[in-house]
Amino acid sequence: MLTTVPRGTKDILPENVHEWQYLENKIRELCLLYGFNEIRTPMFEHTELFMRGIGETTDVVEKEMYTFLDRGGRSITLRPENTASAVRSYLQNKLYADGGITKLFYIGSMFRYDKPQAGRYREFHQFGIEAIGEQSSLIDAEVISLGAALLKDLGLNDVLLKINSVGCPKCRPVYREKLQSFFKDKLTELCNDCQSRYERNPLRILDCKNPHCKELAEGAPKITDCLCEECADHFDKLQDSLTNLGIDYILDSHLVRGLDYYTKTAFEFKYLPLGAQSAILGGGRYDGLIEECGGNPTPAVGFATGLERVLLALETQKLLPPKNAYCDVFIIAMGKKAEQPAFKLLQQLRDKKLSALMDYAGRSMKAQMKQANKNGAKYAVIIGDDELANESATVRNMTDSAQTTVPFASLIDKITFEVNK
RNA sequence: GUGGCUAUGGUGAAGCGGUCAACACGGCGGAUUGUGGCUCCGUUAUUGCGUGGGUUCGAUCCCCACUAGUCACCCCA
């Protein structure tokens, strides 16, 4: 126990952090380009925020939240996603006061008590964006295009964009009824899950993987045929925008998002080779959430993407950057007398912003050379008895093995010059 | 939460109911005087085979539980 991480968590080790940094850098670069600003909200919030925001009957809230009472008796929950928090912050800090649209993005840990498997962790990381305060379908298209651009920038080509509209409080109930009457006489044939979905959330039946349910669902009314005029228009315009931008998509009337707050646009980028975890980026519009959280009715749209899954996808495609060694100079001190002068030189090089390393164990020349090599040093600087006697160091270029003798007096300048050239 | 599979040194992995548990990589050291990347040699790896029980004269190899990983379902990112 003492030397084991809790189930579903993972160390990101030094040999892999560069992959995360690479991904995060790409994300920040892109968000800047699209005018999204980073926001960092607390890792935990009042439980109520997620219950209201995400929806009490969702799986996330019902069985996946890390909820506990703090010492003051408050019910606290580790954030299972960041949209509710972003909206809370938007309201609390009156970000709407700036007028117009508020464009936010976040990167951070989320927590869900799931059964872990590859690409699914209890602590996982999401990057997401939220555009709050604009109802035009252009912003939906912008959000989707940012997602598409990210995956494309990363080199991930074999992704599939699916879109759908889940309607609004006006037209969804109508559709819901139509669906129920469609399944009414098939009810007993549906799987157990779907039978309970029939009452609670019949839209979910369309999403069922059970082959028989799939069969039964064939010919079910499509929500896109039942949208109210406003939703239908919004959806049409979104498709025009996507086509206009050259973003390929497929319509999937069975695409239903898991969280209650979605309205109108729902979309998902899939990377099929990941199997059950193929959903790498998903989002949609949530025009009702801000009001649900106590604000004025405010339209909003956003997405979230699972960084572990993106990384997994990049790994299968061999798209991750290699870790590059970072060492300009390795100093080799031979013998006790050379130790302090070498140590001083180490500091002087670092003061010049050159990355420098040395060995402290008094190993053999050969062993130290090996270390220099392993660390990817560009130069090795050797200081031993001969060098001390001559007040000069031996500088070895590790790539072409050329060696020169450089007086201590000009050593720093010489090395700095060589490395920076 | 349900079901299947798996669990050997830092890593990848062979292996058998009972002599020192292969091999490869890695680490460390060496191949004449103070020199790396290739090659060769030696050495090392909680005297040990996830943890705890059981069967047995005896288990790393058989059984059970637990833990963890993995896959599928559920759901999601």
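Just so it is clear: chains get the letters A, B, ... in the order the sequence lines come, proteins before strands, and each one is counted from 1. Here the structure is a predicted model, which is why all the values come from computation and not from measurement.
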Listed once per pair and sorted, the side chain to side chain donor-acceptor pair (under 3.5 Å) pairs that draw on residues 29-39 of chain A, sequence neighbours left out: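 Of all non-adjacent pairs touching residues 29-39 of chain A, those that pass side chain to side chain donor-acceptor pair (under 3.5 Å) are R28(A)-E38(A), E38(A)-R40(A).
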Exercise: identify the closest heavy-atom pair between [X] and [Y]:
| X | Y | value |
| --- | --- | --- |
| I280(A) | Y271(A) | CD1-CB, 3.9 Å |
| A377(A) | F330(A) | CB-CB, 3.8 Å |
| A118(A) | L312(A) | C-CD2, 4.3 Å |

Give a yes or no on whether a salt bridge exists between [X] and [Y], defined as a side-chain N under 4.0 angstrom from a carboxylate O.
| X | Y | result |
| --- | --- | --- |
| E45(A) | R88(A) | yes |
| K26(A) | D153(A) | no |
| D287(A) | R285(A) | yes |

Whole-angstrom distance between [N] and [M], as gauged at atom [atom1]:
| N | M | atom1 | value |
| --- | --- | --- | --- |
| C66(B) | G1(B) | P | 12 Å |
| A24(B) | A14(B) | C1' | 11 Å |
| G12(B) | A7(B) | P | 13 Å |
| G3(B) | C62(B) | P | 23 Å |
| U56(B) | C63(B) | P | 16 Å |
| C57(B) | G52(B) | C1' | 23 Å |
| C73(B) | C28(B) | C1' | 49 Å |
| U51(B) | U44(B) | P | 24 Å |

Interatomic distance, R7(A) CZ vs A7(B) C1' [rounded to whole Å]: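 Going from CZ in R7(A) over to C1' in A7(B) covers 14 Å.
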For atom CD1 of I27(A) and atom C1' of A77(B), their distance in whole Å: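 In whole Å, A77(B) C1' and I27(A) CD1 are 12 Å from each other.
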R122(A) charged N/C atom sitting above Y113(A) aromatic ring, 6.0 Å / 45°: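 Yes, R122(A) and Y113(A) form such a contact.
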Intermediate values then yes/no, salt bridge (charged side-chain N to carboxylate O under 4.0 Å, His left out), E292(A) and R52(A): CA-CA 7 Å; E292(A) 182 68 33; R52(A) 290 279 294 279; 3.0 Å; yes
Centroid-centroid distance, F105(A) to F303(A), less than 6.0 Å: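 No, they do not, as the ring centres are separated by 6.0 Å or more.
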Interface with RNA chain B, restricted to residues 301-308 of chain A and to heavy atoms under 4.0 Å: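 Output list: A304(A), G306(A).
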Close residues, residues 108-126 of chain A, relative to RNA chain B [heavy-atom separation under 4.0 Å]: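 R112(A), K115(A), Q117(A), A118(A), G119(A), R120(A), Y121(A), F124(A), Q126(A) - these, ordered by number, are the residues of the stretch whose heavy atoms sit under 4.0 Å from the strand.
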K186(A) NZ: over 12 foreign heavy atoms closer than 6.0 Å: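 More than 12 within 6.0 Å, yes.
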Exceeds 12 heavy-atom contacts within 6.0 angstrom, atom CG of D70(A):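 Yes, enclosed.
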Secondary-structure stems, RNA chain B, at least 3 Watson-Crick or G-U base pairs under 3.5 Å: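 RNA chain B stems, ordered by first number: B:1-7 with B:67-73, B:10-12 with B:23-25, B:26-31 with B:39-44, B:50-54 with B:62-66.
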Residue met sooner reading RNA chain B from 5', once L281(A) and G8(A) are mapped to nucleotides: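 The 5'-side residue here is G8(A).
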Q277(A) vs E64(A), nearer the 5' end of RNA chain B by closest nucleotide: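 That would be Q277(A).
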Does [Y] offer a backbone N or O that forms a donor-acceptor pair with the side chain of [X] under 3.5 Å?
| X | Y | answer |
| --- | --- | --- |
| N93(A) | L95(A) | no |
| D328(A) | A356(A) | no |
| N375(A) | Q371(A) | yes |
| R309(A) | S278(A) | no |

Heavy-atom protein contacts under 4.0 Å, nucleotides 28-37 of chain B, coded B base, S sugar-phosphate only, - none: SSSB--BBBB
Pairwise N/O distances under 3.5 Å, protein to nucleotides 49-53 of chain B:
none

Touch class at under 4.0 angstrom, heavy-atom based, for G283(A) against every strand present: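 No contact.
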Criterion salt bridge (charged side-chain N to carboxylate O under 4.0 Å, His left out) on K103(A) and E142(A), from CA distance to verdict: CA-CA 11 Å; K103(A) 293 162 81 170; E142(A) 181 176 290; 2.6 Å; yes
